[in-house]
Number of protein chains: 2
Amino acid sequence: MGLAKTEMFTDNQNEIALFAKAFGHPARVAILQHLFKINSCVCGDLVNEIGLAQPTISQHLKELKNLGLIKGDVEGTSVCYCINDASWSKMKRVMSEFLDQDLTKNGDCC
Amino acid sequence: MGLAKTEMFTDNQNEIALFAKAFGHPARVAILQHLFKINSCVCGDLVNEIGLAQPTISQHLKELKNLGLIKGDVEGTSVCYCINDASWSKMKRVMSEFLDQDLTKNGDCC
DNA sequence: ATAATTCATCGTAATATTGCAATGAAACAA
DNA sequence: TTGTTTCATTGCAATATTACGATGAATTAT
C-alpha cells in the first residue's frame, strides 16, 4: 500500500530507516556533500550547483531540515543553509552502530 | 514524476543513494539486523521473526539480494539467507566516507 | 511605490514503493 | 501419485516520492 508498517518495528529500526531515507536520493546526497565541502553556509547557489529546479531543491532542503540534519537561517532576502553539527553527529552514531555490525565469521554456512 | 534524475549526479552520489534506499525501510533494517544477530544463515523464519506477510518479506529480500548485500542459497525446499560479507564491507566504506565528513568548525555562520 | 530577487508553498502529473491475496515452481514425504 | 512445505512471482490497490510551473511572501533596491 505504499505505507510502511512502522508500528511493528523498534524505535531504533524506524530511526535508522528515516535517516537512510533522507540519504536515499542523490540530490540530497549532493546537497549535503556541498554543504560539507564549502564548510560554511550556502546562500542560494544550491540551485545552480545541483541541476534541479528551484522548487525541487527547496523541497529536498525541507526534508533535510525536518529531520534536523541541516539548519536554515533567514539572511535578508536569502536563506543560509548549513549542516547541523550536533544532529549530524547523533545520526552518525545511530547509523554507525547499524553499519558496523560485524560477522564473527563462523563460516558454517553459505 | 517520482523519477530521480540520476544522470545529473555522480556515480558516487547515486551509489550512496542506492545503498541508503535499501536501508530506508524498517523491515529491511530488521532483516539485516537479524541476519547479523544469528551470525549464520537463516532458513525461513524471517516471516515469523518480522511481522509481515511472506510475499512482502520475499520482496524485501529480493531488493537486498539485488544490491548484493545478502546471499540466498537454495537448500532443498527452503532458502538460506546470510549477509554477503564482502559487499557489506564495500558498502560500509562508501557510506562511511559520506557519513564521516567533518566540519572544521569555522563558525563564521549560523 | 514599483520592481527585482530569493525562497517557500500549492497544485498537479508521473512514477515508485509497500503490502498482500492468489498462484506458481521446486523439493520432499507419504 | 498425491499432498505438503517453502519460497518466488504475479496482479492489484493504496500510498509515497519526485519534479516543476505557477504563485505567494518577504526583503531589498531604485
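- Ring pair B:H25/B:H60 is tilted by interplanar angle, where 30° to 60° counts as tilted.
- When each of A:V74 and A:R28 is assigned the nucleotide of DNA chain D bearing its nearest heavy atom, the one mapping closer to the 5' terminus is A:R28.
- Per the geometry, CG belonging to B:L52 stands 16 Å off P belonging to D:dC7, to the nearest Å.
- Across D:dC7, D:dA22, C:dC20, the shortest atom-to-atom separation from the side chain of B:Q54 is found for D:dC7.
- Among the atoms of the strands shown, base atoms are found under 4.0 Å from some heavy atom of B:S58.
- The distance between atom CG of B:D73 and atom C1' of C:dA26, rounded to the nearest whole Å, is 16 Å.
- When the nucleotides C:dC20, D:dA19, D:dT9 are ranked by their closest atom to the side chain of B:K62, D:dT9 comes out on top.
- Taking every side-chain heavy atom of B:A4 into account, D:dA19 is the closest of C:dC20, D:dA19, D:dA8.
- You'll find the side chain of B:F98 stays beyond 4.5 Å of the side chain of A:M95, heavy atoms only.
- Distances shorter than 4.0 Å separate some side-chain N or O of A:H25 from OP1 or OP2 on D:dA19.
- Atoms CG (B:L18) and P (C:dA16) sit 13 Å apart, rounded to a whole Å.
- As rounded to whole Å, 9 Å separates atom P of C:dT6 from atom CG of A:N48.
- Going from atom CG of B:L64 over to atom P of D:dC7 covers 16 Å, rounded to whole Å.
- In this structure, A:I57 places its CD1 atom 13 Å from P of D:dG21, rounding to the nearest Å.
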Determine, step by step, whether A:W88 and B:D102 satisfy the side chain to side chain contact (heavy atoms under 4.5 Å, CB included) criterion, reporting the C-alpha distance in whole Å, the side-chain angles of both residues, the deciding distance to 0.1 Å, and the verdict. CA-CA 10 Å; A:W88 188 267; B:D102 253 326; 5.9 Å; no

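- Here the nucleotide nearest the side chain of A:Y81, chosen from D:dA8, C:dG19, C:dC7, is C:dC7.
- The side chain of B:H60 places an N or O atom within less than 4.0 Å of a non-bridging phosphate oxygen (OP1 or OP2) of C:dG19.
- Along DNA chain D, the nucleotide nearest to A:A53 and the one nearest to A:K21 differ in position, and the one closer to the 5' end is contacted by A:K21.
- Hydrophobic clustering, with ILVMFWY side chains joined whenever heavy atoms are under 4.5 angstrom apart, groups B:F36 together with B:I31.
- If you check D:dA19, C:dC7, D:dA26 against the side chain of A:T77, the one that comes closest is D:dA26.
- Minimum heavy-atom separation, A:Q54 to A:V47: CA-CG2, 3.9 Å.
- Heavy atoms of A:E63 sit under 4.0 angstrom from primed sugar atoms or phosphate atoms, though from no base atom.
- Within 4.0 Å (heavy atoms only), B:S78 reaches sugar-phosphate atoms of the nucleic acid but no base atom.
- As rounded to whole Å, 11 Å separates atom P of C:dT9 from atom CG of A:L61.
- The distance from atom CD1 of B:I31 to atom C1' of C:dG19 is 13 Å, rounded to the nearest whole Å.
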